[in-house]
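We count ligands from 1, going down the list as the structure has it; atoms in each ligand are counted the same way.
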Amino acid sequence: MAEVSQASVHLRHRIPPDFYSLNSQKPFDSPHVSSFLGSEDVQNSLPVIDLNSPTVEDSLVRACELSGMFVVTNHGIPLGVLVGAEVEALRFFSLPREEKMKALRTPGETAGYGMAPLAAILDETMWHEGLTITGSPIEHAKQVWPHEYMRFCEMMEDYQKRMKSLSEKILGLVLKNYGGLPPFHESGPSTALQLNSYPACQCLNEMIGLAPHTDTSYITIVHQNDVTGLQLFHEQHGWISVAPKTGSLVVNVGDMLHIVSNARFPSALHRAAVSRVQHRLSFAYFYGPPADFEVSPIINACSSGPHQEARFRPVTKREFVRMKAKNVHALSLIRKGK
Ligand SMILES: O=C(O)CCC(=O)C(=O)O
Ligand SMILES: [Fe+2]
C-alpha cells in the first residue's frame, strides 16, 4: 500500500505528470522498454469466491494461501454504488489539471490529489494520478467544486462505509481459526480509499501505471472500471492480468495479514499497466490495524511444521510504515533468524 512515514512526507505531494501535454507530443518515448502486458491466458486462474457459499471460510483461507489475491462475488455491494463512485471519480479526474491541483496533498497529509504515495519510495516514472480519501473528502471537494461537492462526498463516504463492513466480514472469516479479527479498543482500524486514474498513454514505449508493490494493509479491496490493468505476480506464470468482471471485486492480502498469518498467506505482489487507448480507473480500499496496534504472528493449531515458530517480531503499523518508507523490503527487516 501506499503509505510513507513522516520523514518522507515532503515527497508525498509531488505532482503527477502532465498527461495532456506529454500525449500531445506523441509519440512520447518513455524510458521503459520492457512490456507491461500481463499474460492473458492465465487471467482467469485467480480463485473466485462466492461470499454466500456455505464453504466460504475454507475457500477464503485457501485463496489467501494460494496467491494472496482472489475475486469475490455476492459481496453485497450494489453495482449502482460501484458505478456511481466511478462516475464521481471520473468527474474529478476529468477536471483541468489546474483545478485538480487545488486538491493537491499538502506535505504531512495523507489525503489529497497527487502521485501515488508509492512514488515516494520507488524511483520509477509512473503514468498515474490519484486522490487519497480518508473519511470525508469535503475539504478537497469544496476546493475544486465550490457548489457541486455534495454528491461526490456522499458517494465516497457511502463507498467507504460499505467497504469497511465488507473488509471486516472477509477478515473475520479468514481469521476465524485464528480467534477472529482483533478488537481495536481505542481507535478504529486505519483505512484509506485510493482513487487511481491511468489516462490512456500514446507513448512510444509502454509506461507502467503503478510499479510492483505490496500493500501495507491487512487486506485491500479493489474495484476496477472495465479497462484491464491490474496484474499479480505469480511464481510460475510471471505477471498475470486480473481482468475486471462487472460487479465482482478483487481482494488482496497485504503485509499486515502476511505477518499475522506467520507468512502462511503471501503479501500479493501486484502492479498496474496502462492502456494506449482507454482511461483506466481503479478504487483501492485499504483496511489495516490502528497505527499503534502491535501486530504479531498468530500461532495456533492450524499452523504446523515450520509455521510453529513466529517468523516475524511484533511491529506496530506506524513503525512498519516508517521502515517501508526507507526500504520497500521492510518485511525482511522484521523477519526472525535472518
Ligand atoms: O490500479 C489497480 O488495479 C491497483 C491499485 C493498487 O494496487 C493500489 O492502489 O495500491
Ligand atoms: Fe496496491
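- Proximity to Asp215 (heavy-atom distance under 4.0 Å) selects the following atoms of ligand 1: 10 (O).
- Every heavy atom of Arg271 sits 4.0 Å or more from the atoms of ligand 1.
- Between Arg91 and Glu88 a salt bridge is recorded (basic side-chain N to carboxylate O distance below 4.0 Å).
- Salt-bridge check for Lys317 with Asp292: failed, with every basic side-chain N at 4.0 Å or more from each acidic carboxylate O.
- Residue Ser282 approaches ligand 1 through these ligand atoms, each under 4.0 Å from one of its heavy atoms: 1 (O), 2 (C), 3 (O), 5 (C).
- Salt bridge status for Arg162 with Asp158: present, with a side-chain N to carboxylate O gap under 4.0 Å.
- The His270 neighbourhood of ligand 1 comprises atoms 7 (O), with distances under 4.0 Å to a heavy atom of that residue.
- Interface atoms of ligand 1 facing Tyr198, defined by a heavy-atom separation under 4.0 Å, are 1 (O), 2 (C), 5 (C).
- Taking a cut-off of under 4.0 Å to the non-hydrogen atoms of Leu210, the atoms of ligand 1 that pass are 5 (C), 6 (C), 7 (O), 8 (C), 9 (O).
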Please report, to 0.1 Å, the donor-acceptor pairs under 3.5 Å made by any side chain of residues 128-137, with sequence neighbours excluded.
| from | atom 1 | to | atom 2 | distance (Å) |
| --- | --- | --- | --- | --- |
| His128 | ND1 | Ala116 | N | 3.4 |
| His128 | NE2 | Asn196 | OD1 | 2.7 |
| Glu129 | OE1 | Lys100 | NZ | 2.9 |
| Glu129 | OE1 | Tyr113 | OH | 2.6 |
| Glu129 | OE2 | Ser197 | OG | 2.8 |
| Thr132 | OG1 | Arg105 | NH2 | 2.7 |
| Thr132 | OG1 | Gln194 | OE1 | 2.6 |
| Ser136 | OG | Ile138 | N | 3.1 |
| Ser136 | OG | Glu157 | OE2 | 3.2 |

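- Residue contacts with ligand 1, taken as heavy atom pairs separated by less than 4.0 Å, do not involve Thr220 at all.
- Among heteroatoms of the N, O or S kind in Asp215, OD1 lies nearest the Fe ion (ligand 2).
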Return a table of donor-acceptor pairs under 3.5 angstrom between the side chains of residues 244-252 and protein atoms on other chains or two or more places apart.
| from | atom 1 | to | atom 2 | distance (Å) |
| --- | --- | --- | --- | --- |
| Ser248 | OG | Lys245 | O | 2.8 |
| Asn252 | ND2 | Asp215 | OD2 | 3.2 |

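- Residue Leu230 approaches ligand 1 through these ligand atoms, each under 4.0 Å from one of its heavy atoms: 3 (O), 4 (C).
- If you look at Val250 next to ligand 1, there are no close heavy atoms at all, none under 4.0 Å.
- No salt bridge links Glu139 with Lys142; every basic N to acidic carboxylate O contact stays at or beyond 4.0 Å.
- When ring centroids are compared, Phe312 and His258 come within the 6.0 Å threshold.
- In the candidate list Gln194, Gln231, Arg280, Gln224, Arg280 is nearest to atom 3 (O) of ligand 1, counting heavy atoms.
- The six-membered or imidazole ring of Tyr198 lies away from that of Trp127, with a centre-to-centre distance of 6.0 Å or more.
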